[in-house]
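What follows is a single structure, written as structure tokens, with notes after it.
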Amino acid sequence: METIVESQEKPLKEKQVEWKKRLRELHTKRNEARQENHKEVVEEDKRNKLPANWESRKRQAEWIIQDEAARKIAEEKGDDYERIKLLHIDATEAERIARKKKNKKNPDPGFSDYEQAAVRQYNRLVKNIKPNMESYEELKEKLGPAFYGDKNTILHGLHEDKKEAIDKMVDNLEKQIAKRERYSRRRMHNDDADIDYINERNAKFNEKLERFYGEYTRETKLNLERGTAI
């Protein structure tokens with residue numbers, strides 16, 4: 001027969017087994033939590049190193065891909081993609097888009113300074129770029145996280161320019177050089193011209209006055225010089 005001591009030791013051993021089991025489970029959960037915390041810290045550090053506008057750039061790139069895919073499907077079906085898009089836009093949004101497009105149609109303001117001229121030239125070149133979405137997807141899959149890049153990404157050796165792209169760039173540069181050569185060179189100072197200004201800024205201002213109002217004030221100016229003005 002089982003003694004009283006043995007009957008008391010048996011539940012105690014079962015409790016010890018249960019405690020050890022629970023302890024192992026707690027150790028396992030603690031290790032899992034530690035790994036998850038480390039993973040979150042690494043991900044947060046990666047996000048902090050990304051450019052400030054990385055999220056918006058990513059969303060824009062994804063939107064362009066989706067838009068091009070939807071346009072391709074519509075073209076294959078023979079549908080008008082722009083009309084289909086308008087069917088899914090409410091009147092307020094359509095009015096906002098139309099107003100935005102109207103504001104973009106700004107006539108050529110002419111030359112103001114070299115900085116603005118460079119900006120306009122850049123915008124013209126960007127508008128003429130037609131991205132190859134197939135190559136875009138291939139390169140995105142090949143580079144992985146380095147595709148978007150950050151300040152710690154070393155791009156050297158990851159990408160090789162195609163000969164067609166280099167030829168296109170050279171052709172574009174040659175066109176720009178040829179176009180620039182057709183421009184007249186900057187006017188030099190004319191020593192025989194009348195001095196009617198006190199500094200360079202005043203000279204520019206007088207040139208503008210002459211250009212816009214010269215034909216109306218020429219006679220008055222001649223009378224003042226002759227001393228016959230009333």
Side-chain angles (χ1 to χ4, degrees), residues 1-97 100 122 126-127 129-166 169:
M1 293 181 63
E2 188 178 17
T3 62
I4 297 175
V5 176
E6 290 176 347
S7 62
Q8 291 177 349
E9 288 180 353
K10 188 175 181 180
L12 182 61
K13 290 181 179 179
E14 292 177 354
K15 288 183 178 180
Q16 288 178 346
V17 171
E18 184 179 352
W19 290 340
K20 288 180 181 179
K21 181 181 178 182
R22 290 180 62 186
L23 186 62
R24 284 195 299 269
E25 290 175 353
L26 289 174
H27 277 295
T28 303
K29 290 181 179 180
R30 185 186 65 178
N31 292 334
E32 290 176 354
R34 185 181 299 167
Q35 292 174 0
E36 288 295 327
N37 288 338
H38 178 72
K39 185 178 179 181
E40 286 296 327
V41 170
V42 173
E43 290 297 326
E44 184 178 0
D45 183 63
K46 287 172 63 177
R47 288 194 297 270
N48 291 336
K49 291 179 180 178
L50 291 172
N53 61 341
W54 181 81
E55 288 291 342
S56 60
R57 285 167 56 189
K58 183 180 179 182
R59 285 196 301 270
Q60 184 179 12
E62 291 174 349
W63 180 88
I64 291 174
I65 294 172
Q66 294 174 0
D67 186 69
E68 288 295 329
R71 184 183 299 275
K72 188 175 181 181
I73 293 173
E75 290 176 353
E76 291 175 352
K77 293 181 178 180
D79 298 331
D80 186 352
Y81 179 65
E82 296 298 331
R83 182 178 177 82
I84 293 173
K85 278 207 307 185
L86 290 175
L87 292 175
H88 295 84
I89 298 176
D90 57 27
T92 305
E93 182 66 13
E95 184 180 354
R96 187 189 67 81
I97 294 173
K100 188 176 180 181
Y122 170 80
V126 169
K127 287 181 180 179
I129 295 176
K130 295 182 180 180
N132 187 334
M133 300 313 297
E134 293 181 359
S135 301
Y136 176 89
E137 287 295 334
E138 291 177 1
L139 188 61
K140 182 178 178 181
E141 184 177 354
K142 177 182 177 182
L143 297 181
F147 178 78
Y148 293 101
D150 55 29
K151 61 183 180 181
N152 296 320
T153 303
I154 300 176
L155 297 177
H156 180 70
L158 296 179
H159 175 71
E160 182 178 356
D161 294 318
K162 295 182 179 179
K163 185 179 183 301
E164 295 82 3
I166 296 175
M169 182 190 70

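Note that the coordinates shown come from a computational prediction; the quantities given were computed from them, not determined experimentally. All values below come from the heavy atoms of this structure, side chains included, with hydrogens, waters and symmetry mates left out.
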Heavy-atom side-chain proximity of [X] to [Y] below 4.5 angstrom:
| X | Y | answer |
| --- | --- | --- |
| Lys39 | Gln35 | no |
| Ile64 | Glu68 | yes |
| His27 | Arg24 | no |

[X], [atom1]: over 12 other non-hydrogen atoms inside 6.0 angstrom:
| X | atom1 | result |
| --- | --- | --- |
| Arg22 | CZ | no |
| Gln16 | CD | yes |
| Glu141 | CD | no |
| Lys140 | NZ | yes |

CG of Leu23 to CD of Glu18: how many Å apart, nearest 0.5 Å?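 The distance works out to 12.5 Å.
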What's the spacing between Gln60 CD and Ile65 CD1 if we round to 0.5 Å?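 That separation rounds to 11.0 Å.
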Are the side chain of Asp67 and the backbone of Trp63 linked by a donor-acceptor contact shorter than 3.5 Å?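 Answer holds: no.
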